[in-house]
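For reference, the structure is listed below as structure tokens.
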Amino acid sequence: MSSSLATAATSGLLDVKNFHVPCANFSEFKEALKILRDVDDKIVYRLNTSIPTASFAKGVDTTAKCKELHDSIQEVFEARGKSITNCIDETTTAILKLREQNQQQPASSRYKVQLQQAQTKLRMMQSELGVEEIIHDRTMKAFRERCLSYKGA
């Protein structure tokens, strides 16, 4: 992944709806998720800079700020979930093809090795769904603690 993607993610300029998460290489897959998880990693900072404390909240529509932040969090969470699911689907399809090739040429160890590698990659991608739930729960807990007045969460 390029540093320009990381910069775009941290500056809030990253178009998460059109962000491509590569599935073929697990390292690139993890790096793309890391970039997309930047919003969650910096939730406390974003809350502190977006939502003023009660003593400074005069004239600031905290409910609107909370809604904006909530929408941003949800958009990124949904994009990551779709990306992970897409990669799981792609890898599952590749595994099915490799199984078929392995059955057609059982003497070839090449397909067995590729099949084992693809199955390992699939398990690691599936574990990312669990990581996503943990990250989302942690992010939403921080959000709810700061945006008590926002009822959309």
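A quick note: this is a predicted structure, and the numbers were derived from the prediction, not measured.
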Problem set entry | Worked check of side chain to side chain contact (heavy atoms under 4.5 Å, CB included) between Val131 and Arg37 | CA-CA 11 Å; Val131 172; Arg37 288 175 175 157; 3.7 Å; yes

Nearest-0.5 Å distance, [atom1] of residue [X] to [atom2] of residue [Y]:
{"X": "Glu75", "Y": "His70", "atom1": "CD", "atom2": "NE2", "result": "12.5 Å"}
{"X": "Gln105", "Y": "Arg110", "atom1": "CD", "atom2": "CZ", "result": "7.0 Å"}
{"X": "Lys97", "Y": "Thr92", "atom1": "NZ", "atom2": "OG1", "result": "12.0 Å"}
{"X": "Glu128", "Y": "Phe26", "atom1": "CD", "atom2": "CZ", "result": "5.0 Å"}
{"X": "Gln104", "Y": "Gln101", "atom1": "CD", "atom2": "CD", "result": "7.0 Å"}
{"X": "Ile134", "Y": "Leu129", "atom1": "CD1", "atom2": "CG", "result": "11.5 Å"}

Scan the side chains in residues 77-90 for donor-acceptor partners under 3.5 Å anywhere in the protein, sequence neighbours excluded, and list what turns up.
| from | atom 1 | to | atom 2 | distance (Å) |
| --- | --- | --- | --- | --- |
| Arg80 | NE | Glu132 | OE1 | 2.7 |
| Arg80 | NE | Glu132 | OE2 | 3.0 |
| Arg80 | NH1 | Leu36 | O | 3.0 |
| Arg80 | NH1 | Asp40 | OD2 | 2.5 |
| Arg80 | NH2 | Asp40 | OD2 | 2.9 |
| Arg80 | NH2 | Glu132 | OE1 | 3.0 |
| Ser83 | OG | Ala79 | O | 2.9 |
| Thr85 | OG1 | Gly81 | O | 2.8 |
| Asn86 | ND2 | Glu90 | OE2 | 3.3 |

Which heavy atom in [X] sits nearest to a heavy atom in [Y], and how many Å separate them?
{"X": "Ile43", "Y": "Ala142", "value": "CG2-CB, 4.2 Å"}
{"X": "Ala118", "Y": "Thr91", "value": "O-CG2, 3.5 Å"}
{"X": "Lys65", "Y": "Ser50", "value": "CD-O, 3.7 Å"}

Are [X] and [Y] in one and the same hydrophobic cluster, where Ile, Leu, Val, Met, Phe, Trp and Tyr link if side-chain heavy atoms are under 4.5 Å apart?
{"X": "Leu98", "Y": "Met124", "value": "yes"}
{"X": "Leu96", "Y": "Leu122", "value": "no"}
{"X": "Leu148", "Y": "Ile73", "value": "no"}

Problem set entry | Arg99 side chain reached by Asn102 side chain, heavy atoms, under 4.5 Å | no

Exercise. Would one find more than 12 heavy atoms of other residues, nucleotides or ligands at under 6.0 Å from atom CD of Gln74?
Worked result: yes

For this session: List the steps, then state whether side chain to side chain contact (heavy atoms under 4.5 Å, CB included) holds for Asn48 with Arg146.
Result: CA-CA 9 Å; Asn48 287 340; Arg146 189 65 185 265; 2.5 Å; yes

Exercise. With the threshold set at 4.0 Å, does a side-chain nitrogen-carboxylate oxygen contact exist between Lys67 and Asp71?
Worked result: yes

Exercise. In terms of side-chain geometry, is the basic nitrogen of Arg46 or Asp41 positioned less than 4.0 Å from the acidic oxygen of its partner?
Worked result: no

For this session: I would like to know whether Phe29 and Lys121 meet side chain to side chain contact (heavy atoms under 4.5 Å, CB included); could you show each step before the answer?
Result: CA-CA 10 Å; Phe29 170 81; Lys121 182 171 75 169; over 6 Å; no

Exercise. Can you list the steps and then say if Arg138 with Ile135 is a side chain to side chain contact (heavy atoms under 4.5 Å, CB included)?
Worked result: CA-CA 5 Å; Arg138 182 196 68 183; Ile135 290 171; 4.3 Å; yes

